[in-house]
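Note on naming: letters A, B, ... go to the chains in the order of the sequence lines (proteins, then strands), and numbering restarts at 1 for each one.
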There are 2 protein chains.
Amino acid sequence: MAAVDLTTHPGHLARRLQQAHYLLWNTMVSEEITSPQFAVLNALVAEPGLDQRTVGERVGLDRSTIAEVISRLGRRGLLDKVRDPQDGRRFLLRLTDDGLRTHKKLTVRTARMNQVFLAPLSAEEQTLFFDLIRRVADAAEGLRNPAEPLVTQS
Amino acid sequence: MAAVDLTTHPGHLARRLQQAHYLLWNTMVSEEITSPQFAVLNALVAEPGLDQRTVGERVGLDRSTIAEVISRLGRRGLLDKVRDPQDGRRFLLRLTDDGLRTHKKLTVRTARMNQVFLAPLSAEEQTLFFDLIRRVADAAEGLRNPAEPLVTQS
DNA sequence: TCCAATTACTCAGGGCACTGAGTATTTCAG
DNA sequence: CTGAAATACTCAGTGCCCTGAGTAATTGGA
């Protein structure tokens, strides 16, 4: 009987939080466009003409996942993908008019959903919520990329 | 230029938090057993002989996902699955000796990982972290299951 | 100049997560 | 006692997420 209490395990809580979010997104925002897909649209609204890898970096998706997400958005006609004439390895990404319209529509709904999602917390608690999660996530990410040792001594 | 700041979107943060956790789990706990798989082992340590659906309920996994996870654990020989003689629809689940040993080993490593993961936060902040996430997740879950209206008036 | 490293992307493979539809078993109302 | 509803599980389909290995293009140093 050495069972552990999962409610004190951050990983378990993170998973449950994401599931809860997934559920709410599906009912309040869109059944077609997912949250990661919206993140990609958003990145391309901010910086049109980015390449695939950089978009992935902006929204936190690895090379394989971003390829899949972009392929889906392309199939739906929300973005265009053209070879960079300057660098034949890259694809430059740009939203279509439909993509822009979709982003605009979902931006409104997403804001509403975030309000509902965070409703159990007061304004100060919401700030804290963001801050705590961001600090934990950033720190763990930093463990992977050991902040490049600028100059190797000697 | 109506791009949005994703760092104030709880869904985006939740995803990043989970990715960070996934990374740390892989390096500090196990490359074989995943966090959801550990959750299932843990549930069966606490309550041996549970059926599949109930285990899913305990750890927060839907019927399809829990079936896959259990099938993997079965293939690895960490649990046994037998028809309930009392109810031919159910499978009763029980850890093997190997399953118990694995759970014990991972429990230690998981505790270490949680410490590292939460190291950026003070003790009070950690408590707050759990509390805030749990409240948000619980509330969103409650929206799905509308808390069964005990007695339908008239 | 040329070839070895780097870089952008693809592909295969494993795992998590959900929905909708289908099968078998049990339960329960008439 | 029987047939409709509920329940446990399976299966197919979609999408996210990661790693390791492979291909094509570019870059940079000898």
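Distance CD (E32(B)) to P (dT19(D)): 16 Å, rounded to an integer number of Å. Spacing between atom CG of D87(A) and atom C1' of dT7(C) amounts to 8 Å, rounded to whole angstrom units. Regarding H21(A), its NE2 atom lies at a distance of 14 Å from the P atom of dC18(C), rounded to whole Å. Between R83(A) atom CZ and dC9(C) atom P the separation is 8 Å, expressed in whole Å.
Using a 4.0 Å heavy-atom distance criterion, R16(B) is classed as making no nucleic acid contact. N26(B) comes within 4.0 angstrom of no nucleic acid atom, judged by non-hydrogen atoms across all strands. Counting non-hydrogen atoms under 4.0 angstrom, Q37(B) reaches the backbone sugars and phosphates but no base. Q19(B) comes within 4.0 angstrom of the backbone, heavy atoms only, and of no base.
Sorted by first and then second residue, the salt bridge (charged side-chain N to carboxylate O under 4.0 Å, His left out) pairs with a member in residues 102-128 of chain B read R135(A)-E125(B); sequence neighbours excluded. Residue pairs meeting the ring pair (Phe, Tyr, Trp, His ring centres under 6.0 Å) criterion with at least one member in residues 43-75 of chain A, sequence neighbours excluded, do not occur. Under the salt bridge (charged side-chain N to carboxylate O under 4.0 Å, His left out) criterion, no residue pair touches residues 5-14 of chain B, with sequence neighbours excluded.
Residues satisfying the side-chain hydrogen bond (donor to acceptor under 3.5 Å, both in side chains) test with T65(B), not counting sequence neighbours, are D62(B). R101(A) is linked by a salt bridge (charged side-chain N to carboxylate O under 4.0 Å, His left out) to D98(A), counting only residues two or more places apart in sequence or in another chain. Under the side-chain contact (heavy atoms from CB on, under 4.5 Å) criterion, T54(A) pairs with L50(A), D51(A), R58(A), sequence neighbours left out. For V116(A), the side-chain contact (heavy atoms from CB on, under 4.5 Å) criterion is met by L24(A), M28(A), L143(B), not counting sequence neighbours.
Considering only side-chain N and O atoms, K81(A) lies nowhere under 4.0 angstrom from the phosphate OP1 or OP2 of dA8(C). An OP1 or OP2 oxygen of dT26(D) is reached within less than 4.0 angstrom by no side-chain nitrogen or oxygen of Q86(A).
Contacts with DNA chain C (heavy atom under 4.0 Å) in residues 57-65 of chain B: L61(B), D62(B), R63(B), S64(B), T65(B), listed by number.
Linking Ile, Leu, Val, Met, Phe, Trp and Tyr residues whenever their side-chain heavy atoms come within less than 4.5 Å leaves F91(A) and L61(A) in two separate clusters.
For the pairing with L78(A), the side chain to side chain contact (heavy atoms under 4.5 Å, CB included) check across L100(A), L73(A), I70(A), D97(A) returns one residue only, L73(A).
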Got a list of protein N/O to nucleotides 2-7 of chain D N/O distances below 3.5 Å?
unit_1 : atom_1 : unit_2 : atom_2 : d
dT7(D) : O4'    : R89(B) : NH1    : 3.3
dT7(D) : O2     : R89(B) : NH1    : 3.2

